[in-house]
Amino acid sequence: MPVEDLMVVDTSPYIRPLATLIEDYETFGLVILDNHRARIYVVSSGRIEEKDKLARDIMKKHKKGGMSQARFQRLRVGAIEHFLKEVADEMVKLFSKDNVVKIVIVGPGNAKILLKDYLPNELKNEILDVIDVDFDEADGFLISRAEEAVMKDEKETVSKNVIRLKEEILKHGLAVYGLKETIDAVKKGHLELLLVSKGYKQRGWICEKCQLVDSDITDKCPNCSGKVSQVDVIEEIIEFAERTGTKIEFVDDNPILQELGGVGGLLRFKI
Ligand SMILES: [Zn+2]
């Protein structure tokens with residue numbers, strides 16, 4: 001994926017563009033399916049990779065001479081069920097390997113609906129969208145349709161999380177907001193989710209010795225008198241989040257989050 005040109009001089013790697021990219025282009029699984037063919041893809045950072053192609057000879061709609069219509073139907077249905085089970089098993093194998101947490105299923109007819117019955121619950125819950133299209137339609141088209149569905153879901157999740165943040169703050173629950181509180185919580189690994197207004201930057205400093213971070217300007221750390229470096233405080237928050245395994249969401253102009261100081265987070269537990 002192309003990223004914006006940017007030069008940053010910092011005491012540690014500047015990771016915000018990468019963190020944003022990962023969040024914007026979440027990895028998802030794409031399955032194109034009819035009742036005898038399936039293609040399984042993993043789409044990651046806008047890149048598509050074909051993982052598997054399955055095709056089974058399922059009896060055509062016309063029965064052979066001598067076989068009763070009912071028997072023919074039974075055999076045909078059995079063959080389709082067997083095929084769908086195979087596809088489901090492949091999905092379990094491939095998607096768990098690639099840490100896929102969102103799935104889009106596309107194809108004609110009701111094979112894509114029937115497939116759900118063969119998926120374990122954890123995969124069933126990851127299905128984001130089921131789209132009706134012809135199997136042979138261009139892959140590129142399908143991918144952009146699937147990508148749209150994933151992005152739409154991501155946007156909805158983000159605004160839901162901002163609302164959750166506000167609700168938690170109002171009831172003095174599991175939330176922090178504003179620079180100071182957020183820095184403190186993220187450093188200690190107390191955050192489950194960090195929410196940052198996209199593009200928000202705040203000039204400040206970090207103490208190289210005791211890792212104290214604050215906004216504004218100083219030449220000496222008020223805590224340990226150590227040497228400080230000028231930094232973007234938001235970038236430091238993002239780095240702390242990465243180090244403590246906190247999920248990060250970048251929020252597009254959201255007035256609620258801006259009102260709360262552009263940054264906040266949901267706590268893992270009450271502090
Ligand atoms: Zn210090």
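For ligands, and for the atoms within them, numbers begin at 1 and follow the listed sequence. A quick note: this is a predicted structure, and the numbers were derived from the prediction, not measured.
Excluding waters, the set of protein N/O/S atoms under 2.8 Å from the Zn ion (ligand 1) reads Cys207 SG, Cys210 SG, Cys221 SG, Cys224 SG.
Using a 4.0 Å cut-off between charged nitrogen and carboxylate oxygen, Lys201 and Glu235 do not count as a salt-bridge pair. Under a 4.0 Å N-O distance rule, the pair Arg243/Glu239 qualifies as a salt bridge.
Using modelled atom types and a 3.5 Å distance limit, the side chains of Asn161 and Glu249 yield a donor-acceptor pair. A side-chain N or O of Glu208 and one of Ser229 form a donor-acceptor pair less than 3.5 Å apart.
Ring centroids of Phe83 and His36 are separated by 6.0 Å or more, keeping the two rings apart.
When every heavy atom of Val251 is checked against every heavy atom of Leu195, the shortest pair comes out as CG2-CD2, 3.9 Å.
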